[in-house]
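For reference, the structure discussed in these notes is given below.
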Amino acid sequence: MDNNEFLSWDGAFTAEESQYTLLPEGTYPFTITKMERKVYTGNSTKIPNGAPYAEVTCKVDGGQLGSTIVTERLYLMKSFQWKLTQFFKAIGQPVVIGQAFQPNWNTVIGSNGTAKVIQHSYVSRDGQERVNNSIESFEDPQKVQGQAPQQQTAPVQNQQPTQPQTGFQPGAF
């Protein structure tokens, strides 16, 4: 679905509620739903104009709390190699610290991983104070393997215990 698709003045549209959810700070699974290759053109003391970057859209799954979309920029600069390493390691590409790594950008969309999500406060262009989610770090799957999502400020309520599977089990002989 293309969210930039135009609607017609004379046509119908599908009624929707806002899909924005503010998740409490914690560690959550994510899926990459979109990636765009871009070039930076802004006013930053850290990022020079002309710097290439990947803008990745992460659908962060908060379980019963809902899900939210977080957009992250991955700058292709030596000073950000640590973040690129975190990202590609988190989505399961074989990164070895200290060795050259050729990322497979073609497999980024649809990749899954785990990230530490924080709440980011900012002032909007119209002067209003707002809060959104942002990714503080992408987590190493070796370190989070077997861990459930962890919310640090608001526990998930009404969790049902998992029941052991009975009956047919594929591959069991």
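What you see is a predicted model, and the numbers here were worked out from it, not measured in a lab.
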Under the side chain to side chain contact (heavy atoms under 4.5 Å, CB included) criterion, do Val117 and Glu25 qualify, and how do the steps go? CA-CA 5 Å; Val117 174; Glu25 294 189 356; over 6 Å; no
Taken to the nearest 0.5 Å, the spacing of Ser134 OG from Glu72 CD works out to 7.5 Å
Over 60° means perpendicular and under 30° means parallel, so classify the ring planes of Phe30 and Phe138, tilted if in between. perpendicular
Tell me every residue that passes side chain to side chain donor-acceptor pair (under 3.5 Å) with Thr71, counting only those two or more places apart in sequence or in another chain. none
OG1 (Thr114) and CG (Asp61) are apart, to the nearest 0.5 Å, by 10.5 Å
Under a 4.5 Å cut-off applied to non-hydrogen side-chain atoms, are Cys58 and Thr31 in contact? no
In this structure, would Met77 and Phe101 fall into the same cluster of hydrophobic residues linked by side-chain contacts under 4.5 Å? no
Closest heavy-atom pair and its distance - Val39, Tyr53: C-CE2, 3.6 Å
Same apolar cluster: Phe80 and Leu74, side chain cutoff 4.5 Å: no
Heavy-atom closest contact (Ile109 atom, Thr33 atom, distance): CG2-O, 4.0 Å
Enumerate the side-chain hydrogen bond (donor to acceptor under 3.5 Å, both in side chains) contacts for residues 87-110, please, sequence neighbours excluded, ordered by first and then second residue. Gln93-Thr107
Separation between CZ of Arg73 and NZ of Lys83, rounded to the nearest 0.5 Å: 10.0 Å
Working to the nearest 0.5 angstrom, can you tell me the gap between Asn133 CG and Leu23 CG? 5.0 Å
Steps toward side chain to side chain contact (heavy atoms under 4.5 Å, CB included) verdict (Leu84, Tyr75): CA-CA 8 Å; Leu84 292 165; Tyr75 291 97; over 6 Å; no
What distance separates Arg130 CZ from Gln119 CD, expressed to the nearest 0.5 Å? 15.5 Å
Applying salt bridge (Lys or Arg N to Asp or Glu O under 4.0 Å), which residue pairs with at least one partner in residues 94-110 are found, sequence neighbours left out? none
Lys38 meets the side chain to side chain donor-acceptor pair (under 3.5 Å) criterion, sequence neighbours left out, with Glu55
Kindly give the heavy-atom pair with the smallest separation between Ser111 and Ile91, and that separation in Å. CB-CB, 3.7 Å
Measuring from Thr57:OG1 to Met35:CE, what's the distance to the nearest 0.5 Å? 10.5 Å
Scan Val70, Asn112, Thr68, Ile69 and name whichever one has a side-chain contact (heavy atoms from CB on, under 4.5 Å) with Lys59. Ile69
Within one Ile-Leu-Val-Met-Phe-Trp-Tyr cluster: Ile47 and Trp82, side-chain cutoff 4.5 Å: yes
Could you tell me which non-hydrogen atom of Pro141 sits nearest to which non-hydrogen atom of Ala90, and how far apart they are? CD-CA, 3.9 Å
Counterpart residues, ring pair (Phe, Tyr, Trp, His ring centres under 6.0 Å), relative to Tyr40 (two or more places apart): none
side-chain hydrogen bond (donor to acceptor under 3.5 Å, both in side chains): which pairs involve residues 42-51, sequence neighbours left out? none
Hydrophobic cluster membership, with links at side-chain heavy-atom distances under 4.5 Å among I/L/V/M/F/W/Y: are Ile135 and Leu65 in one? yes
Minimal non-hydrogen separation, Ser121 against Val131, with atom names: OG-CG2, 3.8 Å
